[in-house]
J.: 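What follows is a single structure, and I will ask about it in a moment.
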Protein chains: 2
Amino acid sequence: MRIGELSRRTGTSRRLLRYYEEQGLIAADRAPNGYREYDERFVDRVLQIRGLLGAGLPTRIIRQILPCLDKPRTIYFPDATPEMLATLRRERDRMTERIGFLTRNRDAIDAYLDAVLAYGGGDGAGDGSPADGLSREAGPGRR
Amino acid sequence: MRIGELSRRTGTSRRLLRYYEEQGLIAADRAPNGYREYDERFVDRVLQIRGLLGAGLPTRIIRQILPCLDKPRTIYFPDATPEMLATLRRERDRMTERIGFLTRNRDAIDAYLDAVLAYGGGDGAGDGSPADGLSREAGPGRR
DNA sequence: CTTGACCTTCACACATGTGTGAGTGTTCGA
DNA sequence: TCGAACACTCACACATGTGTGAAGGTCAAG
């Protein structure tokens with residue numbers, strides 16, 4: 001498929017697909033006319049890149065860890081140099097930290113929402129379109 | 001305390017502390033001479049901001065959720081408007097997504113590291129200074 | 001009073017991810 | 001064959017988080 005279709009199927013602008021390529025995250029081959037040509041595997045690949053970017057990792061890191069995450073679970077070691085392994089461990093630990101932070105803060109938000117809910121009474125949980133009048137008038141007049 | 005001390009105690013540059021204030025994340029009051037004056041509570045606050053930023057949230061979002069996470073677990077509802085609650089729910093869900101993505105990918109990295117370890121033999125796990133000779137000799141010295 | 005450490009604001013600079021448009025070539029259907 | 005839709009490269013633009021420096025105010029110690 002060409003870039004337009006990949007763009008549609010991944011919800012990623014053409015611009016970004018070219019950018020990811022420029023960053024060494026994906027390597028499309030070219031048709032004789034110069035057009036990029038992608039096969040099915042790129043759909044997942046791009047989605048994974050988006051996910052990692054969305055999770056806050058920079059392309060520089062993604063470039064390094066992506067080969068180790070390659071889809072067909074090939075236990076194929078590209079260039080498992082000691083430095084590479086160190087990078088992976090470091091990155092894994094950073095991700096664990098992030099997960100911890102995100103979890104703690106998400107839980108705090110959740111607890112807050114529960115509290116508001118319990119206080120203000122029945123609001124259909126989750127859909128985010130309350131439209132009831134629970135707003136404020138809050139307890140201890142404390143502003 | 002003044003900005004220099006807060007900077008030292010949080011490992012955050014003065015520049016960034018001022019930036020966070022400009023972004024509405026912290027509100028220092030001023031001494032008569034114009035100096036920012038912080039109390040103890042700001043240390044945790046700044047650390048939490050750093051954590052959220054590090055987890056990939058933009059200041060715009062942090063500004064919104066921070067009041068609900070305020071330390072002394074005060075069930076104090078600032079202005080729990082329906083829109084605010086919707087934002088919180090949305091953000092919580094986005095955080096959950098991120099957590100899922102990070103977890104899956106971290107586990108994949110972990111599995112890869114385990115596989116390499118099992119394959120290449122004993123490498124002191126975790127310290128990241130292997131110095132053994134498991135490398136590869138593989139592939140054309142990329143880079 | 002001077003020096004040095006600390007504070008202020010302002011402003012330019014940079015990397016990163018992303019949008020947008022210009023100018024040009026290619027493909028394909030009417 | 002024409003025009004629409006698509007592709008290409010190049011390049012400027014923007015927001016965000018962060019570094020850095022200039023020009024100047026405050027204050028305590030010598």
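Keep in mind that what you see is a predicted model, and the values were worked out from it rather than measured.
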J.: Return yes if some donor-acceptor pair links the side-chain N/O of R14(A) with the main-chain N/O of G4(A) below 3.5 Å, else return no.
T.: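 Pair absent, no side-chain N/O of R14(A) close to backbone of G4(A).
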J.: Is NZ or CZ of R98(B) both nearer than 6.0 Å to the six-membered ring centre of F101(B) and within 45° of the ring axis?
T.: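 That pair does not qualify as a cation-pi contact.
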J.: Among the candidates dC8(D), dT18(C), dG17(D), find the nucleotide nearest to the side-chain atoms of R30(A).
T.: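 Nucleotide nearest to R30(A)'s side chain: dC8(D).
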J.: Would you kindly give the CD-to-C1' distance between E37(B) and dT26(D), to the nearest whole Å?
T.: 14 Å
J.: Test salt bridge (Lys or Arg N to Asp or Glu O under 4.0 Å) on R18(B) and E22(B); report intermediate values, then the result.
T.: CA-CA 6 Å; R18(B) 297 193 186 104; E22(B) 182 189 312; over 6 Å; no
J.: If you compare every side-chain N and O of T59(B) against the phosphate oxygens of dT16(D) (OP1, OP2), does one of them come in below 4.0 Å?
T.: no
J.: Got a donor-acceptor pair under 3.5 Å from the side chain of R36(B) to the base of dT8(C)?
T.: no
J.: Of the non-hydrogen atoms in T12(A) and S7(A), which two are nearest, and what is the gap between them?
T.: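 Taking T12(A) first and S7(A) second, the nearest heavy atoms are O-OG, 2.7 Å.
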J.: Base, sugar-phosphate, or nothing for R18(A), non-hydrogen atoms under 4.0 angstrom?
T.: base
J.: Just the rounded figure in Å: distance from P of dC7(C) to CZ of R8(B).
T.: 7 Å
J.: Using whole Å, report how far CG of L17(B) lies from C1' of dT18(D).
T.: 12 Å
J.: Can you tell me how far C1' of dT18(C) sits from CG of L25(A), to the nearest Å?
T.: 14 Å
J.: Report the distance from atom CG of L53(A) to atom P of dG17(C), rounded to the nearest whole Å.
T.: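 Atom-to-atom, L53(A) to dG17(C), this comes out as 6 Å.
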J.: Check whether any side-chain nitrogen or oxygen of R15(B) sits under 4.0 Å from OP1 or OP2 of dA13(C), and answer yes or no.
T.: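 False: R15(B) side-chain N/O out of range (4.0 Å or more) of dA13(C) OP1/OP2.
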J.: By nearest atom, which of the nucleotides dT18(D), dC6(C), dC8(D) is closest to the R2(B) side chain?
T.: dC6(C)
J.: Hey, does the side chain of N33(B) come within less than 4.0 Å of dC7(C)'s phosphate (OP1/OP2), counting only N and O?
T.: no
J.: So, does R14(A) get its side chain near the phosphate of dC6(D), meaning an N or O under 4.0 Å from OP1 or OP2?
T.: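 Negative; the distance criterion is not met.
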J.: Verify the contact: side-chain N or O of S13(A) to OP1 or OP2 of dG19(C), cut-off strictly under 4.0 Å; return yes or no.
T.: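 True: S13(A) side-chain N/O within range (under 4.0 Å) of dG19(C) OP1/OP2.
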J.: Measure from the side-chain N and O atoms of R2(B) to the backbone N and O of Y38(B), and report whether any donor-acceptor pair falls under 3.5 Å.
T.: no
J.: Could you give the CG-to-C1' distance, from L52(B) to dG17(D), as a whole number of Å?
T.: 15 Å
J.: What's the CD-P distance between E21(A) and dC8(D), to the nearest Å?
T.: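 Atom CD in E21(A) sits about 8 Å away from atom P in dC8(D).
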J.: Please give, in whole Å, the distance from dT16(D) C1' to E22(B) CD?
T.: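 In whole Å, dT16(D) C1' lies 11 Å from E22(B) CD.
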J.: With a cut-off of less than 4.0 Å, is there a side-chain N or O of Y35(B) near OP1 or OP2 of dC27(D)?
T.: no
J.: On a plain distance test, is the side chain of Y19(B) in donor-acceptor contact with the base of dG19(D) below 3.5 Å?
T.: no
J.: What nucleotide among dG19(C), dT18(D), dT26(D) has an atom nearest to a side-chain atom of R50(B)?
T.: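 For R50(B), the side-chain atoms sit closest to dT18(D).
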